Number of protein chains: 2
Amino acid sequence: MRPASAHCQIDSVDSAAVDRAVGVVPDEARLKAIADIFSALGDPTRLRILIALSCERLCVCDLAAVTGVSQSGVSHQLRVLRDLDLVAFERMGKRAVYRLADEHVGILLSQGADHAEERFGGDGR
Amino acid sequence: MRPASAHCQIDSVDSAAVDRAVGVVPDEARLKAIADIFSALGDPTRLRILIALSCERLCVCDLAAVTGVSQSGVSHQLRVLRDLDLVAFERMGKRAVYRLADEHVGILLSQGADHAEERFGGDGR
DNA sequence: TGCACATATGAGCACTCGTGCATATGAAAG
DNA sequence: CTTTCATATGCACGAGTGCTCATATGTGCA
């Protein structure tokens, strides 16, 4: 049985390499977890929120002002980020003041920014 | 004029903090570039491809075997990754052998994996 | 208790994206 | 040149997503 390659006559050129590669790929659940993290960082609005929070603690209203989307939209995105433990918040009276969950998140952000910046400067194509 | 907040009576609680936050957020184009990178990492299939390539140099057929998607599907995803300079390839006869563009990509991957793994272990909810 | 305000949630919509099928391009072999 | 095979591309479809509007929840104040 040949599972995937419908048009390819051979399943794998180097089956040993394939086996090794399969070995290092995490299981479905972990892979999904990693993908969810990156997906969360892969939206301009959420990026704006996170980068803003990497500089200042802000409430939802202020984040709406920073991002330029509605309060509802910000709240929806914050829920996504909260569920992934990318941001945390504490109530200050009526307001909810958000911050990055930990500096790990900030590192991820700057790593991504670095890679993007490299492409910005010396893009070969 | 109150641009964004339709339901919020006040635009911003701390306008100085908002201004500082806006100051650190990159411009639209750069933000899009960063988001594109993270988005590319935010798909399980592309993650499988990248993690596999972080271990072995593989051709398209082998990547199809590793990921379990069709050759066409892999090729489509590889184009995305190529356009973002996340992977590179060289022709070996008829085959195209892919590899990570640089170790920067591997670092990003493991950073994301680390964060996901933390949540896996000590998830409070 | 009743009002005002900040945030969260639900529904609906437009849009994007991942995928497979069919097919085109390209490269070696006969 | 023709054939064969690996890879790339165009098209279409189903699923997921980000947004706003309307509304619910919750918090503090008179």
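Below, each value reflects all heavy atoms present in this structure, side chains not excepted, and no hydrogens, waters or symmetry copies. Keep in mind that what you see is a predicted model, and the values were worked out from it rather than measured. All chains are named by letter (A, B, ...) in the order of the sequence lines, taking the proteins before the strands, and each is independently numbered beginning at 1.
Between the P atom of D:dT25 and the CZ atom of A:Arg79 lies a distance of 16 Å, rounded to the nearest Å. The distance from atom CZ of A:Arg95 to atom C1' of D:dT25 is 18 Å, rounded to the nearest whole Å. Counting to the nearest Å, the P atom of C:dA8 and the CD1 atom of A:Ile49 are 11 Å from each other. Rounded to whole Å, atom P of D:dC5 lies 17 Å from atom CZ of B:Arg91. Protein atom CG of A:Leu58 is 11 Å distant from nucleotide atom P of C:dT7, rounded to whole Å. If you measure from atom NZ of B:Lys94 to atom C1' of D:dT7, you get 12 Å, rounded to the nearest angstrom. Going from atom CG of B:Leu78 over to atom P of C:dG20 covers 13 Å, rounded to whole Å. Per the geometry, CD belonging to A:Glu90 stands 16 Å off C1' belonging to C:dT7, to the nearest Å.
B:Ser54 places a side-chain N or O within donor-acceptor distance of the main-chain N or O of B:Ile51, the cut-off being under 3.5 Å. Side-chain atoms of A:Asp114 do not come within 3.5 Å of backbone N or O of A:Glu117 as any donor-acceptor pair.
Within the nucleic acid shown, B:Tyr98 comes within 4.0 Å of sugar-phosphate atoms alone, with no base atom in reach, counting heavy atoms only.
Note: A:Phe89 and A:Tyr98 have parallel aromatic rings, judged against thresholds of 30 and 60 degrees for the angle between ring planes.
The minimum heavy-atom distance linking B:Gly42 with A:Ser39 is given by the pair O-OG, 2.7 Å. Across A:Ile37 and B:His115, no two heavy atoms sit closer than the pair CD1-CD2, 3.4 Å. The minimum heavy-atom distance linking B:Ala40 with B:Leu84 is given by the pair CB-CD1, 3.4 Å.
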Base contacts versus sugar-phosphate-only contacts with protein, heavy atoms under 4.0 Å: please encode nucleotides 14-20 of chain D as B, S and - from 5' to 3'.
----SSB
